[in-house]
> 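Here it is: the structure, laid out below.
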Amino acid sequence: MKAILIRDHDGDNPEYDAAVHAACIEAGKPYRVSKTRKVPAGTEIDAPEAWKLVRLGAAVPGDEECREASGISETKLDKAIAAADKLAKGMGYDIPALRRKKAKAEQPAS
């Protein structure tokens with residue numbers, strides 16, 4: 001199952017080794033391998049759960065298997081991508097305003 005990333009992401013770094021990192025810390029030596037690495041837009045992800053990236057709006061289906069597993073229409077995919085774009089730009093929900101609205105709704109009517 002394949003999905004194609006539509007924007008850069010941080011992904012696991014296959015060169016990172018937790019055991020070596022722990023040994024370096026124990027020995028007081030630096031370990032200069034990052035846990036994550038940049039995965040550029042356009043990268044094809046071939047994994048059993050690649051469909052989840054499509055549902056999140058982070059990728060588009062790379063094959064028919066992924067399209068079917070994601071169960072998402074083109075319209076919903078466009079909306080998911082737009083929502084992910086807003087979040088990436090820091091234009092997410094106004095959390096304090098949502099909390100005030102919820103608190104107001106939960107107040108007993110007088």
Side-chain angles (χ1 to χ4, degrees):
M1 180 174 316
K2 298 176 183 172
I4 301 167
L5 294 177
I6 58 174
R7 68 181 61 80
D8 294 345
H9 284 274
D10 287 333
D12 292 338
N13 184 352
E15 296 173 5
Y16 176 80
D17 187 333
V20 173
H21 189 185
C24 286
I25 290 172
E26 183 81 23
K29 295 181 180 179
Y31 185 68
R32 293 188 174 95
V33 178
S34 176
K35 278 185 170 183
T36 60
R37 65 183 172 109
K38 286 284 183 202
V39 181
T43 300
E44 188 176 84
I45 306 294
D46 189 0
E49 295 185 343
W51 62 271
K52 291 179 180 180
L53 294 169
V54 175
R55 298 278 307 189
L56 291 170
V60 293
D63 59 13
E64 193 58 37
E65 181 186 13
C66 186
R67 186 179 316 282
E68 289 175 12
S70 69
I72 193 168
S73 67
E74 289 296 320
T75 304
K76 286 187 178 182
L77 177 59
D78 291 341
K79 288 181 180 181
I81 291 170
D85 286 341
K86 283 178 72 173
L87 287 173
K89 293 177 184 173
M91 296 171 15
Y93 297 105
D94 182 0
I95 300 300
L98 290 174
R99 286 187 183 144
R100 286 191 300 274
K101 185 176 180 181
K102 182 179 176 186
K104 186 176 182 181
E106 291 174 349
Q107 288 178 350
S110 21

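Side chains included, hydrogens not; waters and symmetry mates left out as well; all remaining heavy atoms used.
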> Is it true that, when you exclude E64 itself, more than 12 heavy atoms of the residues, nucleotides or ligands shown sit nearer than 6.0 Å to its CD?
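Yes.
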> Distance-only, no hydrogens or angles: does the S73 side chain make a donor-acceptor pair with backbone N or O of K76 under 3.5 Å?
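Here the side-chain-to-backbone pair exists.
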> Anything under 30° is parallel, anything over 60° is perpendicular, the rest tilted; go ahead and classify Y16 against Y31.
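It falls in the perpendicular class, over 60°.
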> Hey, quick one: are V39 and I6 part of the same hydrophobic cluster, counting side-chain heavy atoms closer than 4.5 Å, chains of contacts allowed?
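Result: no, two separate clusters.
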> Of the non-hydrogen atoms in A80 and I72, which two are nearest, and what is the gap between them?
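Minimum heavy-atom separation between A80 and I72: CB-CD1, 4.5 Å.
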> Identify the heavy atoms of C66 and V54 that sit nearest to each other, and give their distance.
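Scanning both residues, the minimum pair turns out to be SG-CG2, 3.7 Å.
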> Which atom names give the shortest non-hydrogen contact between A58 and R7, and what distance separates them?
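Where A58 meets R7 most closely, the heavy atoms are CA-NH1, 3.7 Å.
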> Give a yes or no on whether the backbone of S70 and the side-chain of R55 come within a donor-acceptor separation of less than 3.5 Å.
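Answer holds: yes.
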> How far apart are the closest heavy atoms of A50 and K2, and which atoms are they?
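Scanning both residues completely, I find the closest heavy atoms to be CB-C, 4.4 Å.
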> Give me the atom names and distance for the closest heavy-atom approach of D17 to A19.
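Between these two residues, the closest heavy atoms are OD1-N, 3.0 Å.
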> Mind checking whether I45 and I4 have side chains closer than 4.5 Å, heavy atoms only?
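SC-SC contact between I45 and I4 ruled out.
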> Is any side-chain heavy atom of L53 less than 4.5 Å from a side-chain heavy atom of V60?
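L53 vs V60: side chains apart.
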> Can you name the side chain to side chain donor-acceptor pair (under 3.5 Å) partners of K38, sequence neighbours left out?
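Side chain to side chain donor-acceptor pair (under 3.5 Å) check on K38 returns D10.
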> How about P61 and E68: do any of their side-chain heavy atoms sit closer than 4.5 Å?
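Heavy-atom side-chain distance check fails, nothing below 4.5 Å.
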> Does the side chain of R67 reach to within under 4.5 Å of the side chain of D63, using non-hydrogen atoms?
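SC-SC contact between R67 and D63 ruled out.
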> With no hydrogens and no angle check, is any side-chain donor or acceptor of N13 less than 3.5 Å from a backbone partner on K35?
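No, N13 side chain to K35 backbone: no donor-acceptor pair under 3.5 Å.
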> Can you see which heavy atom on P40 is nearest to which on T43, and at what distance?
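In this case the closest contact between P40 and T43 is O-OG1, 2.6 Å.
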